[in-house]
Amino acid sequence: MKCLYSLKMLPWHLFMPHNSSLKKKARKGAMSLISIFVFFLFSALGLSLLYLSQIHLRISFFKKQSTFLEYTSENGIKQGFDNLVNLITQASSPSILTSEQLEQLREDVRSNGSKIIELILDVKLPLVISETWGKQNWESRTDCSLDQLFEGNNYFIALYKTSINSVGTMDYFKQKCRSTLLSSLRVHAGHLPLSSFPFLIDKILKPGEEEIFTEKNNVSITPSRSSCVQPRIIFSEKELIPQEAPSELSKALKINIFYPQDLSTAQLRTALGLDESEEPVPDGVYLIKDDLGLGGIYVQGDVDEMVLAIDEDFQVISFRISQAEWILKYSPSRSRTYFFSSLETLSYDLIPLGIIIVNGKIQSLGGGILDSSGKVTIVKDREIPSVLEGIQLTVISSDKITISSNLILQGVKWQEGVPYAKDSKSHLAIFSTGKNFWDEITTTGGITIDKTTQSRIKVHAALAASGEGFVIEGEGREVEILGGIQASDFISERNTLKITFDDRPLEGDNLDMHVPHTTRPVLFISSFRVEEWEDF
């Protein structure tokens, strides 16, 4: 072996090719490309985010301006609506019309005119309101157009569609926003039922006396759910409550009467089924009937006690005069009527007309029960329904009527302490004329809440009282009325009166109900309700 020592590994750089420095430089260039690519990627992402931010800002700006536009258009609707409600509230008192004015308005409504709206609101249509606040501008326009017309003998009902159109704009913004509020306005004109008014005082007060009257008497009026107008106490310019009821007398007695005083005693006796003579009609209760069917109930003389009660599906009405008693019991569902007196018991396969005429006082009127023995007893210590579901009853007296207990309609629902009669088909009207039916002699009249009743009493009825007016006796009483009060006066000493207005009779197209009507033709807005809101 020639080598005295083993070979050693040569250094690694001796094995490298001559272009190794170029490859080293090539690796450094790749990193630069990668760096440039990463820089480009982040730059693109940044620019994209910046671009997206600009888009987001533009969208946010447009959304913000659009929201402001909606608010602006909404302001126009609200301002137009508030203005219209204020006009209707100010016009809530009935306007007295002449016969000529009534016919002129009828002809204008027939030709789709809107003069009746302009007259009652005291404005010219269309009603335009423009306003600017800051950079917001809005304009509202209120129009009315006839939708339906119902006509009766001495009245008509006009239903108008009311539209409030609003346009909202913004400074330095081209777009606009439009909104529309649709509502309905019901107008009655002519001789209207007194029950159209929630609380009517039929007398003229001097300036300042209205405020004193409101402060003195603790009266609250709850509107019906269907109307947007807050009802208030109405003081009529002229007397509207009649002291006669010829129409109701004619229907109850089934004879034609133009003036009650024109009816002779002999004719009255014949209508009552008595022998024809000039002798006065004996005190008692008479069920009117002829060949065509049953009429109403006529009572001659003062009634000591009159009680309304329910027995299954029968409406029961008892009359006590001195020591005698009469009971009327009838069922619309069975088409069956029983009339009990001390002399006889009559039965019919018909039902009577729901009108009770009393030529005298009703010294005690209230709700009660029919016990197992057939005796009708007034109930004062609890609340029980006393008017059968579906019964339409009108009680008319020529003199004073005293309410001694609750009078509650069957089917009335209570929500949060407020009665709602929308689902009930019952109706009770009580009217005191303050004048004898067959002569011109005036009486005390009026409707009185007896001081011997419980401290809290509920009466579900439309109460119309001429003569003395509506009186709450005693002190510290709370009287709740579901219906309305129309009276020549209101007398109450530190008592509370709560009225929940019942406008069900006004919802239909027929006002020929068995209730008293105004003595003069009037113009009156019965309801105003919102139906639909649209944005464009």
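Computed from a predicted model, the values in this text were never measured in an experiment. When reading the values below, keep in mind they use all heavy atoms of this one structure, side chains included, and skip hydrogens, waters and symmetry mates.
In this structure, Glu312 pairs ionically with Arg334, as a charged nitrogen and a carboxylate oxygen lie closer than 4.0 Å. A salt bridge links Glu475 with Arg494: the distance from a Lys NZ or Arg NE/NH1/NH2 to an Asp or Glu carboxylate oxygen falls below 4.0 Å. Using a 4.0 Å cut-off between charged nitrogen and carboxylate oxygen, Arg106 and Glu103 count as a salt-bridge pair. At a threshold of 4.0 Å, the pair Glu480-Arg456 counts as salt-bridged, since one of the basic side-chain nitrogens sits closer than that to a carboxylate oxygen. A salt bridge does not link Lys203 with Glu239: none of the charged nitrogens is closer than 4.0 Å to a carboxylate oxygen.
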Test log, rule side chain to side chain contact (heavy atoms under 4.5 Å, CB included), inputs Val530 and Phe81: CA-CA 10 Å; Val530 175; Phe81 179 76; 3.6 Å; yes
Arg520/Thr98 under side chain to side chain donor-acceptor pair (under 3.5 Å): CA gap, chis, key distance, verdict: CA-CA 8 Å; Arg520 295 176 173 84; Thr98 63; over 6 Å; no
Steps toward side chain to side chain contact (heavy atoms under 4.5 Å, CB included) verdict (Ile88, Leu121): CA-CA 6 Å; Ile88 294 174; Leu121 299 183; 3.9 Å; yes
Thr452/Asp450 under side chain to side chain donor-acceptor pair (under 3.5 Å): CA gap, chis, key distance, verdict: CA-CA 5 Å; Thr452 62; Asp450 192 7; 2.6 Å; yes
Stepwise side chain to side chain contact (heavy atoms under 4.5 Å, CB included) check, Ser342 with Glu325: CA-CA 7 Å; Ser342 58; Glu325 185 176 13; over 6 Å; no
Derivation and outcome, side chain to side chain donor-acceptor pair (under 3.5 Å), residues Thr496 and Asn218: CA-CA 5 Å; Thr496 300; Asn218 187 11; 3.1 Å; yes
Worked check of side chain to side chain donor-acceptor pair (under 3.5 Å) between Asn217 and Ser492: CA-CA 7 Å; Asn217 298 287; Ser492 174; 4.9 Å; no
Worked verdict on Lys435 versus Ile441 for side chain to side chain contact (heavy atoms under 4.5 Å, CB included): CA-CA 6 Å; Lys435 181 187 290 187; Ile441 300 176; over 6 Å; no
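In this structure, a donor-acceptor pair under 3.5 Å is present between the side chains of Ser236 and Asp202. Thr453 and Arg477 form a side-chain donor-acceptor contact under 3.5 Å, judged by distance and modelled atom types alone.
In terms of heavy atoms, Pro280 sits closest to Arg269 at O-NH1, 3.3 Å. For the residue pair Gly366 and Ile378, the shortest heavy atom distance occurs at CA-CD1, 3.9 Å. In terms of heavy-atom proximity, Ser405 sits nearest to Lys380 at CB-CG, 3.9 Å. Closest of all the heavy-atom pairs between Phe501 and Ser196 is CZ-O, 3.4 Å. Residues Leu353 and Ala252 share a closest heavy-atom pair of CD2-N, 4.3 Å. For the residue pair Arg336 and Ile351, the shortest heavy atom distance occurs at N-CG2, 4.1 Å.
Taking CD of Glu244 as the reference point, atom OG1 of Thr519 lies at 11.0 Å (rounded to 0.5 Å). Atoms CZ and CG, on Phe490 and Leu200 in that order, are 13.5 Å from each other to the nearest 0.5 Å. Summarising the geometry, atom OG belonging to Ser398 is positioned 5.0 Å from atom CG belonging to Asn436; distances are rounded to the nearest 0.5 Å. Atom CG of Leu482 is separated from atom CG of Asp502 by 5.0 Å, given to the nearest 0.5 angstrom. Between Asp147 atom CG and Ser184 atom OG the span is 8.5 Å, to the nearest 0.5 Å.
In this structure, the side chain of Asp399 engages the main chain of Gly445 through a donor-acceptor pair within 3.5 Å. A side-chain donor-acceptor contact under 3.5 Å links Gln410 to the backbone of Glu389. The backbone N or O of Leu292 lies less than 3.5 Å from a partner atom in the side chain of Asp290, making a donor-acceptor pair. Thr337 places no side-chain N or O within 3.5 Å of a backbone atom of Tyr348 that could act as its donor or acceptor partner. A side-chain donor-acceptor contact under 3.5 Å links Asp304 to the backbone of Ser322. The closest donor-acceptor contact from the side chain of His191 to the backbone of His517 lies at 3.5 Å or more, if one exists at all. At least one donor-acceptor pair closer than 3.5 Å links the side chain of Gln486 to the backbone N or O of Leu194. At least one donor-acceptor pair under 3.5 Å links the side chain of Thr394 to the backbone N or O of His514. For the pair Asp302 (side chain) and Gln363 (backbone), a donor-acceptor distance under 3.5 Å is absent. Checked by atom type and distance alone, the side chain of Thr500 never pairs as donor or acceptor with a backbone atom of Thr222 at under 3.5 Å.
Counting non-hydrogen atoms of other residues, nucleotides and ligands closer than 6.0 Å to CD of Glu531 gives a total above 12. Counting heavy atoms of neighbouring residues, nucleotides and ligands inside a 6.0 Å radius, atom CG of Asp439 exceeds 12 of them.
Using a 30° and 60° split on the angle between ring planes, Phe199 and Phe213 fall in the tilted class, from 30° to 60°.
Remark: aromatic rings of Phe524 and Phe197 are close, center separation under 6.0 Å.
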